[in-house]
Amino acid sequence: MSVIKMDNVTKRYNGSPKPAVKYFSVMVEKGEILALLGPSGCGKTTTLRLIAGFETLDEGAIYINGKVVSSKDVYIPVEKRGIGMVFQDYALFPHLTVGENIIFGLKQGKQKRKERLQQLLELVNLEGYENRFPHQLSGGQQQRVALARALARDPVVLLMDEPFSNLDAELRYEMREEIKQIVKSTGVTTVLVTHDQQDALSVADKMVIMNQGVIEQYGTPYEIYHNPISKFVAGFLVKSNLLPAKVQNNILETPLGKFPLPGECKAQHGWLSIGRDQIIIEEQGKFNAQVAACNFAGQYTEVRLKVDGLSGELICYQSASVPLYVNQWVRFSVKSYQYIAGG
Amino acid sequence: MKKAKGLILFLVMSMLLLIAVGCGEQLQGKTKEAGELVVYSARKEKFVKPLLDAFEAETGIKVKLLTGDEASVNKILEEMNNPQADIFFSNDTGAMEYLRLQGALAPNDSKALEVIDAKFRADDGSWVGLSARSRVLMYNKDLITEEEMPKRLEEIADPKWKGQFAITRGGNGSMVAHVAALRAVWGDEKTKKWLSDIAENAGAITKGHTDIRKAVGAGEFKFGLVNNYYYHQQLYEDKDNNVGVIYPDQDGMGVFVNAAGVALIKGGPNMDNAKKFIDFLLQPEQMKVFAYNSKEVPLHPDVEAIPEAKKINEYKIMDMPLKEIGPVWNDAKQLIEESGLALEIK
Amino acid sequence: MGLPASDMIGKKAAPMLYLGTSVIGAAMFIPILYVIVRAAQSGIERWMRLLDTRVPELLWSTLTMTLTVTLMAGIIGVVLAWLVNRTDLPGRRFWSWVLALPLVIPPYVGAISYIIIFGPRGLLHDWLGNPLFDLFTFGPTAFVLTGFTYPYVYLIVSAALKRMNTNFEEAARCCGLNAGKTFLKVILPALRPAIGAGSILVALYILSDFGAVAMMRYPTFTAAIYFQMGSFDRSGAAILSFILIAITLVFLWLESKSREKMKFYQTERNYRTGKIYGLGRWKWPALVLVNLAVFSFVVLPLGVIAYWGWIGIAKGVLDVQFFRYMWNSFSISALAAVICMLLSLPLIYLKSRYPSRLSLIVDKISYAGYALPGVIVALGVVFVYIKYIPFLYGTAAMLITAYILRFLPQAMQAGDSAMSLISPRLDEAALSLGKRPWQVIIQVIIPLVKPGVLAGGALVFVSSIKELPATLLLRPAGLDTLAVRIWIEASEGFYELAAPSALLILLVSILPLRWVLSKY
């Protein structure tokens, strides 16, 4: 049985014509980490807050461990849902010490709370910090305190709102690893919200890509990355080059030329999706292009290519062994591509 | 160009300051030209204002009034090296004699002063009493008869009157002067004991006497220790006016009579006008205004008292000349402070 | 801070500025110093006598009143702020500004309105034959003072509630706390600095208030000092002032403590407006409470003053005399306001651009007059003028000096907030474009701080018009102001003569309310 079940959940805010979340259905299994990914304003935070109970829904129902917690008629208050939450800015109580923050919600006796605190400090690697105040900690440490506080009551569901957005690049990389490990070790079912593709891809077991309040695609990170089923997912997650395509006799006709149709034909019209790392500049390449811009980025160079008959430019990543010049003519080939059916 | 701009701004600033100073000049309370009179008054403004208006109308001298309370005395002393006022209206002679002893008053040899009994003016004429204020017990006739009323001030210290009468705070000018006089008769110990007893006994200790007369009139208390004109004032009320009066200690030391009056401040900016003003006040018709407005008894022998008032020669008065209160004023205050009767009300 | 620019300007402009600022700072401090010296010279015997008799009693009455009113104002302020900002109280937008209105009613005017109705021989006495209770006792006095001081807490707490990071609340709910516990364990602690700041303002106000306590005949230090000045003994007032200064310093110290803590509490961002709680069955009690507050401290005083003002006007109070008082009030206050604006400019400039030990000290000193009761300021001004500037003694200059000492901080606060918005980069930009330092001040700084400084001037103007104790003690003969007339007429029981002046003061006071409200 799934721990979280959302069934056709719809949420409208007063004064806004479009629902923030529309017919949203998803199931999260025990111990799974689900990432809600999408651009800002896509409804992912609202979804998280609906699960938490900070918002009420207009249609549908939310179940935790098989029990309705939100529906049109039922509303279980936040504190009774058995959730733990890590806030974007951590929301550590500034008037309490680290230790007091962590055991803030615990109701057991003093001795038990003390033991639990030690456990949690150990879990998040903050032994000895219990008497500090939040403002005396670094960003990463604050986040671990927030995590420990959220886990203190052994929640059924752990919710994380943009957990990595306040960290700088280096720390972010470390914390993804660490948080994933901590969460996995406790076996808590987790939902996290992020707008950062890397966060989602590296931490999540399952992903929901959201756009304008609806689910665009659901699946494992690997599945989605390699098989985006909509133009939006391909553009947002894979950041691939998209060319309009028409299917004729199992052949894709695109402005770049004709390509064999991979798999079966689901629709006559669609998009040809070419990953940025799937365009290779080489002497024996099939296509002609002129270099429009070169941006050196260390491990690779981002090259923009102008191709006759194409309205936009193609973007590709080249390992920078050969220097390229603007306006230089080159040849390239396409290693792999996908066909995305539909408008 | 830039310099010019800065200069203009500087000029504007200076102009502003100049205007400010100019306004200040205009607002100043001390333009030293002739034709002015500066009056400090510890008397209620409504009793003083008509006289000032009359004087202004008659002489064309512009009168500036500063209504204060007992604070005026302190102010005059503070200003001794740089006097601001010409005239001080006081509700009691003790304060004026005290000022004289401190050297804050100027002698006055005007013949007009002689209409007032020497008992009620300073030896050098620097202050003169205008109206008498006798310390009496006024009572509510509905609550108590004349026979039942205490006849001597000593009696109100008796616990049997507990909670039934009202007195003013110890710092009230009339009270201080009264205590100073009592000390001279009773001595320190007896006066102090009496003070702490009545402080304990009193049903109310008020800021001023108006509260007492109204409270007695309304029947909140059987009687109160007031100046006689408060009794007269209460008689003129539309209601709550069934009140009587006892002039105490007729078989003994006599009633303490204080006087409200006017003092001439030494070194004041308009000495001549001030003397003119005092002479003006001593005219019978002005005396009438001064005393009648507040229902006091004029000290000028030719001026009739209001009908309700006993004439100044109809009852026994304490022997002590008023000027003798001045020197012991501060001691009296200290005695009150020590007795436990609050100088200020709570 | 723009250090490079400071260095550049610093070499030329700073010495003059430092000198000017030091002079202003010293001038602000002299009167207070004089009171202290005078008290110290009073002689041990005088001290002992006061310490034996009046001081214990005054300490008790002053501290009990201050603490009671502070506590009550704190509770009422927090409850009202919560109701208006975070519950579904019907009409809360309307209440939110009406509840701030008592701020513009000077407490002594408020006290008069209560005396007219509940006083020993007030309206209630006329109708019922007795006034039901004795107004001039501790309870009613505390009630009246609370009613006209709670807006300090109410406004500051409201602002804090609006700024508060709602994530804290949500985090607490996630930790399993219900709404009530969340309020007690999370919201209240987060509001503590705001409550502290508001309470300190209330406490300082009660310590310094003269008019209301004197009219309610409740003896506090301030009233005692005023009346002590009426006694023949002059050092008594200085001694009592000395003790009051000490008490005030203790409260100021408490305030700086609470400010220190505030730093940790500052919340970074706010994503959502706070959750609005349903009052449910508490809706009616809440409405009754809000209505009661508004009736007691807005409708009743305004109604009484307007009614008696009308009677007074019908009796012809608005004569030449009245307009003379009005002119006196307005011209003296306006002069004080203009001078305060001019003086505040170098002070705020130095504080913002060359923060140093000196500017910090001068800044603190200039705030001294604000925290100190008008009575003490007046005492100091009298001492100083008599001794050092006798030719200006007895002129309006004394009054203006006292107003400046008391209210310059208001001008400075307004200027400070305007100044803090001007980036030092602007100075640097102007310098890099070839302007001289004084040109930068005139062409860049002054135009930009002008609105703030003008707002500060308006505040000084209104505060000066309302000021009572220093005005009473310092006005020259024949220069009565509106506030003085209110005092004189009211203390003789002529309320219909006092009311038109009070009404005018109320009208003038409403003007800067907008600014005050936007500040919090």
Side-chain angles (χ1 to χ4, degrees), chain B residues 2 5-6 9 13 16-17 20 23-30 36 38-40 44-46 62-75 77-79 81-85 95 98 102 171 206-208 210-211 214-215 218 220 329-330 333-334 337-338 340 342-346, chain C residues 49 53-54 57 61 120-121 125 129-130 136-137 217-219 223-224 226-234 237 328 331-332 334-335 338-339 342 382-383 385-386 390-397 400 435-436 438-439 442-443 446 472-473 475-480 484 488-489 491-494:
Chain B
K2 294 285 173 288
K5 228 174 172 179
L9 204 107
M13 291 277 205
L16 258 174
L17 267 176
C23 282
E25 210 85 56
Q26 193 193 339
L27 290 169
Q28 277 181 19
K30 79 166 183 189
E36 265 198 355
V38 180
V39 177
Y40 285 0
K44 285 190 177 176
E45 193 178 281
K46 61 175 169 180
K62 192 169 159 15
V63 183
K64 290 183 168 175
L65 171 66
L66 185 76
T67 301
D69 37 36
E70 292 98 356
S72 307
V73 175
N74 189 32
K75 201 166 161 64
L77 287 177
E78 290 277 4
E79 294 170 357
N81 294 324
N82 184 18
Q84 302 297 311
Y98 181 77
Q102 295 292 315
T206 64
K207 181 162 187 284
T210 307
D211 286 334
K214 288 189 173 172
E220 289 168 42
W329 175 276
N330 242 351
K333 222 167 167 173
Q334 195 175 327
E337 208 171 336
E338 286 164 8
L343 287 176
E344 304 309 329
I345 39 86
K346 337 181 177 229
Chain C
R49 186 137 55 85
T53 52
R54 308 223 45 207
E57 173 196 318
S61 63
R121 266 154 296 278
H125 178 267
N130 76 72
F136 298 144
T137 49
R217 303 184 188 171
Y218 184 86
Y226 178 85
F227 290 116
Q228 195 78 28
M229 285 183 80
S231 80
F232 293 178
D233 134 66
R234 283 171 272 173
N328 289 343
S331 55
I332 296 175
L335 217 56
V338 168
I339 297 175
L342 291 179
V382 169
F383 286 152
Y385 268 78
I386 284 183
F391 56 96
L392 279 178
Y393 181 89
T395 68
I400 293 171
K435 298 286 180 191
R436 286 152 168 273
W438 63 268
Q439 288 174 319
I442 288 169
Q443 294 177 6
I446 289 180
L472 275 177
L473 289 168
R475 79 209 139 107
L479 206 73
D480 286 359
V484 168
I488 289 179
E489 305 292 9
S491 52
E492 292 188 16
F494 299 133

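Just the heavy atoms: all of them, side chains too, but no hydrogens, waters or symmetry mates, feed the values below. Just so you know, these numbers come straight off a predicted model, no measurement behind them. Below, read A as the first sequence line, B as the second, and so on, with proteins coming before strands; counting in each chain starts at 1.
- Heavy atoms of B/A215 lying under 4.5 Å from chain C belong to its backbone as well as its side chain.
- The structure places CD1 of C/I488 at 5.0 Å from CD of B/E45, a figure rounded to the nearest 0.5 Å.
- Closest of all the heavy-atom pairs between B/T67 and C/R475 is O-NH2, 2.6 Å.
- Heavy atoms only, all atoms of each residue included: B/K75 and C/L473 are closest at NZ-O, 3.7 Å.
- Closest of all the heavy-atom pairs between C/A477 and B/V38 is CB-CG1, 3.3 Å.
- With a 4.5 Å cut-off on non-hydrogen atoms, C/F494 touches chain B through its side chain but not through its backbone.
- Considering every non-hydrogen atom in both B/L65 and C/D480, the closest pair reads O-OD1, 4.5 Å.
- At a cut-off of 3.5 Å, with distance as the only test, a side-chain donor of B/E79 or C/Y393 sits close to an acceptor on the other residue.
- The structure places CG of C/L392 at 10.0 Å from CG of B/N82, a figure rounded to the nearest 0.5 Å.
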